[in-house]
J.: 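Below are the structure tokens for one structure; questions will follow.
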Amino acid sequence: MLHRQPPFSGFVTPVYTLGNLGPAAEALRAGGLVVFPTETVYGIGASALLDHAVARIFQAKGRPQDNPLILHIHSTALLADAVSSVPRSAELLFEAFSPGPLTIVLPKARRVSPLVTAGLPTVGIRIPSHPVAREFLEMCKVPVAAPSANISGEPSPTSLEMALSGLDAKVDCAVDGGFCQHGIESTIVRCSDDEVVLLRPGAITLEMIASCLEEELPGVRVRVPAAEGGGDVAPARPEAPGMSYRHYQPRAEVWVTERVDGARTRKRFHGRRFGVIAMNRPPVGVGPATPVYVMNSAEEYAHLLYRKLVWFDDQGCEVIIAELPPPHGVGLAVRDRLQRAAGGQEL
Ligand code: TXA
Ligand code: MG
């Protein structure tokens, strides 16, 4: 046997593991689609050098054509193939945070297909740190175009089982790397000589980025995009095309709140099965039959968020009420994902 089947029933996609990634890398180089793990979420990858393979990603996910893909590479040695210039700010950020959960948007090299960048003059570059991703990318030897391995609009997968529950039989094979450490997608910044703009918050926070640059590049401005009314993280709508779409949504409708008020919640959702994600301590007065999950830190929240959204679906919940973590550190990124999952619905 060259591959093993997943330890869960019903999937037909061949699955490879560390020590036997050769066939998965070969499949990708030959134009195939491969689901693979990273430290943030699972990705669905194709060779960025093959337009027909890149096009299949959009089909498999049902992804709008105008939403660009990011490129995954093994090391900065491959940067010159993908981008036309690297400002000093980006050099410093790659040195400090790569490999790791950071994507840097830079002017693209001519050879990067407009299919990858959806016609934009820039391309997002990420060097993942997951050991399985690193081994896989090294064997692929080409830049790997990869979005998160979910059907467009749904929560991103943080396990192989989650990824295959949407993409089984739509990909040529998959690589298993266990549960993803961070659990939410990478931080995205756009770098130029004058400024660094946060397009998507993640585990690498704005404060970490600012403090990395302040000594050597005090003149470079580190900012979030201009606010579009409210929210603790300015929406990245005009800057990162994909952020404007429906995102991260389970079947259940999601509502966010700073603190669950049990009595009010029961009245508001009377007759509908609801579940609660609470922060730090169980909610009071939501009723004994209500599914509840308590997050003990923002890091745990990020790690488990997408898995738990799907878990509440599996519990038959029509509504999920999620308490927001405090707005600092990775909590800002969790708030961003929850607010998008809720489509702005706040209690
Ligand atoms: O952690 C991650 O970044 C995961 C793993 C698999 O690496 N990937 C991921 O890809 O989240 P995706 O496609 O689901 O999200 C990438 C986001 C999209 O919102 C897209 O619009 C934006 O990055 N993006 C891609 N290229 C861009 C560019 N040139 N300028 C601005 N935004 C860009
Ligand atoms: Mg995505």
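Worth knowing before you read on, the calculation uses all heavy atoms, side chains too, and leaves out hydrogens, waters and symmetry mates. Atoms within a ligand are numbered from 1 in the order they appear, just like the ligands themselves.
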J.: Answer yes if the ring centres of W255 and F274 are under 6.0 angstrom apart, and no otherwise.
T.: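 No: the rings miss the under 6.0 Å criterion.
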J.: Begin with the C-alpha distance, continue with both residues' side-chain angles, and end with the deciding distance and a verdict on ring pair (Phe, Tyr, Trp, His ring centres under 6.0 Å) for Y42 and F36.
T.: CA-CA 6 Å; Y42 274 72; F36 67 101; 8.2 Å; no
J.: For ligand 1, which atoms have a heavy atom of E185 less than 4.0 angstrom away?
T.: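 Near E185, the atoms of ligand 1 are 1 (O), 2 (C), 11 (O).
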J.: Can you list the atoms of ligand 1 that are under 4.0 Å from a heavy atom of N67?
T.: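 Going through ligand 1 atom by atom, the ones under 4.0 Å from N67 are 18 (C), 20 (C), 21 (O).
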J.: Side chain, backbone, both or neither: which part of L199 comes within less than 4.0 Å of ligand 1 when only heavy atoms are counted?
T.: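 Near ligand 1, L199 shows its side chain, while the N, CA, C and O stay back.
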J.: Under 4.0 Å from a heavy atom of R200: which atoms of ligand 1 are those, numbered in the order shown and with their elements?
T.: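 Reading through ligand 1 atom by atom, the close ones are 2 (C), 3 (O), 9 (C), 11 (O), 15 (O), 16 (C), 17 (C).
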J.: Give a yes or no on whether S152 keeps an N, O or S atom under 2.8 Å from the Mg ion (ligand 2).
T.: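 Under 2.8 Å: S152 has no N, O or S contact with the Mg ion (ligand 2).
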J.: Report yes or no: does K108 have a heavy atom closer than 4.0 Å to ligand 1?
T.: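 K108: no contact with ligand 1 (<4.0 Å).
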J.: Below 4.0 Å from any atom of ligand 1, is there a heavy atom belonging to H72?
T.: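 Within the 4.0 Å threshold, so yes.
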J.: Is L324 reachable from I277 through a run of I, L, V, M, F, W or Y residues, each pair having side-chain heavy atoms under 4.5 Å apart?
T.: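 Yes, it is one cluster - the side chains of I277 and L324 are joined through contacts under 4.5 Å.
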J.: Under 4.0 Å, heavy-atom basis, I'd like to know which part of T122 is in contact with ligand 1: side chain, backbone, both or neither.
T.: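 Both of them.
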J.: Report yes or no: does L120 have a heavy atom closer than 4.0 Å to ligand 1?
T.: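 L120 counts as a contact of ligand 1 under the 4.0 Å cut-off.
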J.: For S159 and F179, indicate whether the former's side chain and the latter's backbone hold a donor-acceptor pair under 3.5 Å.
T.: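 It does not hold such a pair.
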J.: Between R126 and ligand 1, find which residue part has any heavy-atom pair under 4.0 Å and reply side chain, backbone, both or neither.
T.: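 The side chain, only.
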J.: Identify, by atom number and element, the atoms of ligand 1 in contact range of S186, meaning under 4.0 Å from any of its heavy atoms.
T.: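 Those of ligand 1 that fall under 4.0 Å from S186 are 1 (O), 2 (C), 3 (O).
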J.: Taking heavy atoms and a distance under 4.0 Å, where does R63 meet ligand 1: side chain, backbone, both or neither?
T.: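 Side chain only.
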J.: Any donor and acceptor pair, going by atom type alone, linking the side chain of D172 with main-chain N or O of L33 inside 3.5 Å?
T.: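 It does hold such a pair.
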J.: Would the distance check show the side chain of K108 and the main-chain N or O of P114 forming a donor-acceptor pair, the cut-off being under 3.5 Å?
T.: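 The answer is no, because no donor-acceptor pair under 3.5 Å joins these two groups.
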